[in-house]
Engineer: 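There's a structure below that I have some questions on.
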Amino acid sequence: MLARQYLRENSEIVKEAIKNRNMGEGEVVVKLLQIDEKWRVMKAQCDDLRHERNKVSTLIGNLKSKGENEAAEKAIAQSSGLKVELEKLEENAKALEEELKKGLLELPNVPHESVPTGMDESDNVEIRRVGFENLREFPEDIVPHYDLGVRLDIIDEMRGAKTTGSGFYFLKGEGARLEHALISLMLDIHREQGYIELIPPIPVSSASMTGTGQFPKFVNDAYKIEGEDLWLCPTAEVPVTNMYSEEILLDEDLPIKHQAYTPNFRREAGEHGTETRGIVRVHQFNKVELVNFTRPDSSYEQLELLVNDAEEVLKKLQLPYRVISLCTGDLTFSSAKTYDIEIWTPIGNNEEKNDGRWLEVSSASNFEDFQARRAGLRYRPKRHESADYIHTLNASGLALPRVMVAILEYYQNADGTVEIPQVLRPYMGGLERIEGSDPIGESAVGAGLRN
RNA sequence: GUCAGGAUGGCUGAGCGGUAAGGCGCACGCCUGGAAAGCGUGUUCCCUCACGGGAUCCAGGGUUCGAAUCCCUGUCCUGACGCCA
């Protein structure tokens with residue numbers, strides 16, 4: 001959320017930001033400024049009336065204590081009149097204030113000056129590529145993860161759809177084991193980097209969803225728990241960022257670095273048709289999330305460190321990837337600046353021209369004080385008397401299904417087994433490759449999957 | 001789930017119908033050769049160029065000329081009882 005005063009003093013910057021985000025011409029800003037102006041006038045009137053009323057009330061108290069009842073009665077009558085007048089004004093002022101608040105909650109963050117201006121993902125700027133020097137040799141008949149998952153019987157989308165619905169899947173046997181290994185590896189790497197682990201609650205309140213910026217705009221993307229003011233968390237960012245809400249942190253505590261492994265739930269409403277095959281876009285997935293609470297003057301340094309910390313996992317897994325800086329049009333609602341990390345896998349979306357594709361596995365963002373204002377996250381700077389808003393940042397470190405996809409495709413052997421990256425082997429009892437197992441059930445026999 | 005008690009500023013803690021004590025911490029100033037102690041001022045949010053004013057005692061309603069204080073509803077905490085991996 002932007003501060004009201006900031007909006008008043010920088011309306012042109014905010015308008016420009018909305019334009020650059022492709023969210024219209026910034027008419028909203030003009031409208032909000034008008035409401036704000038009206039509210040300020042009314043607020044002054046209310047304050048004056050209250051001042052009047054307070055004076056009369058004090059007088060009544062004095063008169064009564066002196067026993068001058070007749071004069072007191074007169075003053076009471078006057079006060080009653082003021083009350084009626086005030087109630088009407090207050091009602092109007094309150095309505096304006098609410099409209100203003102609502103508008104502010106729906107206003108996106110202002111992109112940082114270093115963010116490239118652009119329409120959509122084609123205007124994103126590649127920052128670096130890593131790990132392309134010694135690419136593995138790939139088998140000619142390399143198989144996409146969704147087919148390989150069935151063949152090895154480690155990913156079962158059919159039965160996930162049966163028990164729950166499409167977009168949900170079972171991991172099985174070595175698949176499940178691989179996922180656990182990845183989680184442990186990531187938690188170990190990030191602990192080493194200084195992130196204190198949290199296991200947060202999975203359901204979160206509306207207030208928390210508002211605090212990080214999911215609400216009010218994106219209510220339809222979240223799963224609601226019937227009969228409660230609770231939602232399944234779409235990312236650990238929500239419970240973790242809100243952990244210190246309405247608190248004042250100490251200067252010496254900062255920066256606070258947390259990591260959390262949680263499942264994530266997303267309805268992905270209106271996302272049909274994009275990457276529907278396999279487990280690239282699903283309704284429930286696991287993720288290790290990194291969250292950083294920091295002083296305002298060092299948040300951009302912290303952002304660079306954060307990306308590096310997330311990248312470390314891919315370096316250890318020896319997977320090729322790139323880092324890109326999102327342009328203004330591709331930036332998420334709450335973010336001031338975002339780097340995406342994308343893994344490269346040898347299988348493309350286009351069957352004729354199979355030259356690989358990019359999988360987004362992490363988004364590292366600096367929200368500046370946008371979330372801090374919404375969630376009430378402050379700290380007391382040294383040598384200052386009053387509290388100030390901190391800056392929040394987060395990054396996935398990393399989203400698991402897509403890392404799994406990359407491993408199944410990038411580390412695929414000619415015989416259809418999957419090489420397990422060296423760094424993961426200790427986490428899998430020394431296992432060197434995934435060879436799969438016989439599927440269970442008659443349907444497997446009918447489909448010829450059982451040898 | 002039932003019953004009882006509670007929620008006050010950065011923290012602590014009084015007030016229980018007449019308009020938010022005190023302490024601690026922190027900041028600034030005075031004092032001092034320097035420091036400690038001591039003394040003074042300040043310490044939340046909003047409006048105002050400013051003077052100044054308003055709001056705020058968990059949230060929302062109500063009673064009242066006037067509510068931190070009384071009444072109702074909700075949320076959360078604490079304890080007891082019950083239930084239960």
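Quick note on labels: first sequence line is chain A, next is B, and so on, each numbered from 1.
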Engineer: Taking atom C1' in both B/G15 and B/C81, compute the distance separating them and give it to the nearest angstrom.
Structural biologist: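 Between the two C1' atoms, the distance is 34 Å.
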Engineer: Base, sugar-phosphate alone, or nothing: which one does A/Arg4 contact when heavy atoms must sit under 4.0 Å apart?
Structural biologist: nothing
Engineer: Just checking A/His112: does its NE2 atom have more than 12 heavy atoms from other residues, nucleotides or ligands closer to it than 6.0 angstrom?
Structural biologist: yes
Engineer: With a 4.0 Å cut-off on heavy atoms, is A/Ile60 in touch with a base, just the backbone sugar-phosphate, or nothing at all?
Structural biologist: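 Base contact.
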Engineer: Residues two or more places apart in sequence or in another chain: which of them pass side chain to side chain donor-acceptor pair (under 3.5 Å) with A/Glu27?
Structural biologist: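 In terms of side chain to side chain donor-acceptor pair (under 3.5 Å), with neighbours along the sequence ignored, A/Glu27 is linked to no residue.
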Engineer: Under 4.0 Å between any heavy atoms, over every strand shown, what does A/Arg373 touch: base, sugar-phosphate, or nothing? Just pick one.
Structural biologist: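 It contacts nothing in the nucleic acid.
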Engineer: Hey, which of A/Ile407, A/Leu398, A/Leu319 is the one that makes side chain to side chain contact (heavy atoms under 4.5 Å, CB included) with A/Ile343?
Structural biologist: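 Of the listed residues A/Ile407, A/Leu398, A/Leu319, the side chain to side chain contact (heavy atoms under 4.5 Å, CB included) partner of A/Ile343 is A/Leu319.
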Engineer: For A/Ser365, enumerate each residue passing the side chain to side chain donor-acceptor pair (under 3.5 Å) test, keeping only those at least two apart in sequence or located in another chain.
Structural biologist: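 Partners of A/Ser365 under the side chain to side chain donor-acceptor pair (under 3.5 Å) test: A/Thr338.
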Engineer: Of the candidate nucleotides B/A55, B/G18, B/G53, which contains the atom at the shortest distance from the side chain of A/Ser57?
Structural biologist: B/G18
Engineer: From C-beta outward on A/Arg378, which listed nucleotide comes closest to its side chain: B/C45, B/G54, B/C65?
Structural biologist: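 Given the options B/C45, B/G54, B/C65, the side chain of A/Arg378 is closest to B/C45.
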Engineer: At under 4.0 Å between heavy atoms, what does A/Asp48 touch on the DNA or RNA strands: base, sugar-phosphate, or nothing?
Structural biologist: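 If one applies the 4.0 Å heavy-atom cut-off, A/Asp48 turns out to touch nothing in the nucleic acid.
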Engineer: Look at the side-chain N and O atoms of A/Asn54 and state whether any lies under 4.0 Å from the OP1 or OP2 oxygen of B/G54.
Structural biologist: yes
Engineer: If you compare every side-chain N and O of A/Arg8 against the phosphate oxygens of B/C47 (OP1, OP2), does one of them come in below 4.0 Å?
Structural biologist: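 The answer is yes; a side-chain N or O of A/Arg8 sits under 4.0 Å from OP1 or OP2.
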Engineer: Of A/Ser79 and A/Lys55, whose nearest nucleotide on RNA chain B comes first from the 5' end?
Structural biologist: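 The answer here is A/Lys55.
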Engineer: Under 3.5 Å, is there an N or O donor on one side and an acceptor on the other linking the side chain of A/Lys43 and the base of B/C46?
Structural biologist: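 Yes, a donor-acceptor pair under 3.5 Å.
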Engineer: Hey, does the side-chain of A/Asp47 have a donor or acceptor N/O within less than 3.5 Å of a partner on the base of B/G54?
Structural biologist: no
Engineer: If you look at every strand shown and take non-hydrogen atoms under 4.0 Å, does A/Lys94 touch a base, only sugar-phosphate, or nothing?
Structural biologist: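 Answer is sugar-phosphate: A/Lys94 comes under 4.0 Å of backbone atoms only.
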